[in-house]
2 protein chains.
Amino acid sequence: MTYNLLIENIKKHIDLSSSEADSICEFFKLKTIKKKEFLLTQGTICKFEGFVVKGCFRTFTIDKKGNENTLYFAAKDWWLMDIDSFMNHKPSDLNIQALEDSEVLIISQKDKETLYAKIPSAEKLFRIMFQKSIVAWQRRIIRNHSLTAKERYNHFVEKYPKIASKLTDRQASSYLGITHEFLSKIKKQP
Amino acid sequence: MTYNLLIENIKKHIDLSSSEADSICEFFKLKTIKKKEFLLTQGTICKFEGFVVKGCFRTFTIDKKGNENTLYFAAKDWWLMDIDSFMNHKPSDLNIQALEDSEVLIISQKDKETLYAKIPSAEKLFRIMFQKSIVAWQRRIIRNHSLTAKERYNHFVEKYPKIASKLTDRQASSYLGITHEFLSKIKKQP
DNA sequence: AAAAAAAGTTGAACAAGTTCAACTCCGTAA
DNA sequence: TTACGGAGTTGAACTTGTTCAACTTTTTTT
């Protein structure tokens, strides 16, 4: 069953009775999406939170200079949303695009509120998930400031080999914050 | 009273009865710290979470190359901690140093657990605070990738004028991810 | 008030990363 | 099969930011 992955993911963060697990799962609906299609586009309001069960996504923004900037990739077992747009009901700065045929468990904004209200441990679950997420963002800032582009590339490939293997160089470079031409040159270095 | 600032801060995030507010405040103790003293040093475990009521702090790490890297500044009305060390009871990578004589409301690791257990809305409070924090970290990543050093400097000074005015150029540059020499050159540009 | 230490400035040489243009390679649509 | 568009590669010129060293100014310590 496709909900097992979600339950296992939740159990990494908090202890959960199986009845609670089932109640949580009831709020999520499976959504199928094809390669290159968008789950969210810049300018629209993000009305969902998603958990990837199959495939891979890229979350990126296009800045004033027209450059694509990838915030993160989300493969199987990752969560997915524009947290700012979702929380504040405001137009998103982000695009979320499927890199391959994918499946996501989706919970709507409204259902998320109900989930928090009805299942007390949900607050704790997401509080802990968000804490862990902050740690990851902080580490990325430090890496961006203290490592060279080549060191960042090596770190990325070592830490996320499965995701890295699915990407074009252009996609990887937009995550690392460099041009694709420079990534090409980096990869040739000894 | 010094707890008013904390209560007002909390009310920005969730609705709170005055009895709940008082209960939360009871967990926090005032700590005074002098300029240049450390609230946390790299290698020790962060056993507290803090809320600044007076003064200003700098949270930074020293990398393998010996460079200081500032993760954030925290002035009055800001929260302060090494979230990774606090959460996982592991040695911190961060230093937290007072930039001037300061006062912080401190809650211990243990009391934080008790707070979550005894006051149900605390989970929601910190869940929401962490959400907002993630948005800020994500925006900083995007800025680091899409803006030049000069643009990042201008943004910083415009967005946090009070903090910026308290800093030496060296401290500001270590936040922006550039050398202090280059910041000096940037500031002279027209 | 003097001395010491830390912070800021400047210039020259250098390294890291970008831009642009030309070319190649590959998958896929016609 | 062709041709077309997207992805990767490469080189030359360029821009951004670093390094190091010397110097000045400000702050802190004694």
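Predicted, not measured: the structure shown is a model, and the values here were computed from it.
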Please enumerate all residues that pass side-chain hydrogen bond (donor to acceptor under 3.5 Å, both in side chains) together with B/Asn95, with sequence neighbours excluded. B/Gln42
Write down the distance between CD (A/Glu100) and C1' (C/dG27), rounded to a whole number of angstrom. 17 Å
Among residues at least two apart in sequence or on other chains, which ones pass salt bridge (charged side-chain N to carboxylate O under 4.0 Å, His left out) with B/Lys35? none
Tell me, which pairs form a side-chain hydrogen bond (donor to acceptor under 3.5 Å, both in side chains) where one or both residues lie in residues 21-31 of chain A, sequence neighbours left out? none
At under 4.0 Å between heavy atoms, how does the protein contact nucleotides 7-12 of chain C? Give one character per nucleotide, 5' to 3', with B, S or -. BBBBBB
Proximity to DNA chain C (any heavy atom under 4.0 Å), residues of residues 142-153 of chain B only: none
With A/Asp93, which residues qualify under salt bridge (charged side-chain N to carboxylate O under 4.0 Å, His left out), at least two apart? none
When you compare the protein's N or O atoms with those of nucleotides 23-28 of chain D, which come within less than 3.5 Å of each other, and at what distance?
unit_1: D/dT28; atom_1: OP1; unit_2: B/Lys35; atom_2: NZ; d: 3.3

Quick one: is A/Thr179 getting a side-chain N or O under 4.0 Å of the C/dG17 phosphate, OP1 or OP2? no
B/Ile178 atom CD1 is separated from D/dT19 atom C1', nearest whole Å, by 15 Å
Under 3.5 Å, is there a donor-acceptor pair between the B/Glu20 and B/Ser121 side chains? yes
So what is the end-to-end bend of the helix from C/dA1-D/dT30 to C/dA30-D/dT1, with 5 pairs used at each end and the value given to 10 degrees? 40°
Is a side-chain donor-acceptor pair under 3.5 Å present for A/Asn9 with A/Trp79? yes
Whether the B/Asn144 and A/Asn144 side chains hold a donor-acceptor pair (N or O, under 3.5 Å, no angle test) is what I'd like checked. no
Qualifying residues under side-chain hydrogen bond (donor to acceptor under 3.5 Å, both in side chains), relative to A/Lys36, sequence neighbours excluded: none
Applying side-chain hydrogen bond (donor to acceptor under 3.5 Å, both in side chains), name anything that partners B/Glu100, two or more places apart in sequence or on another chain. B/Lys166
Any salt bridge between B/Lys65 and A/Glu151, counting N to O under 4.0 Å? yes
List the residues meeting salt bridge (charged side-chain N to carboxylate O under 4.0 Å, His left out) with B/Glu68, not counting sequence neighbours, and say none if there are none. B/Arg58
d(NZ, B/Lys65; C1', D/dT18) in whole Å: 12 Å
Is the A/Phe51 to A/Phe28 ring centre distance short of 6.0 Å? no
Side-chain atoms of residues 180-190 of chain A: list all donor-acceptor pairs with protein atoms under 3.5 Å, sequence neighbours left out, distances to 0.1 Å.
unit_1: A/His180; atom_1: NE2; unit_2: A/Arg170; atom_2: NH2; d: 3.4
unit_1: A/Lys187; atom_1: NZ; unit_2: A/Asp169; atom_2: OD1; d: 2.9
unit_1: A/Lys187; atom_1: NZ; unit_2: A/Asp169; atom_2: OD2; d: 3.2

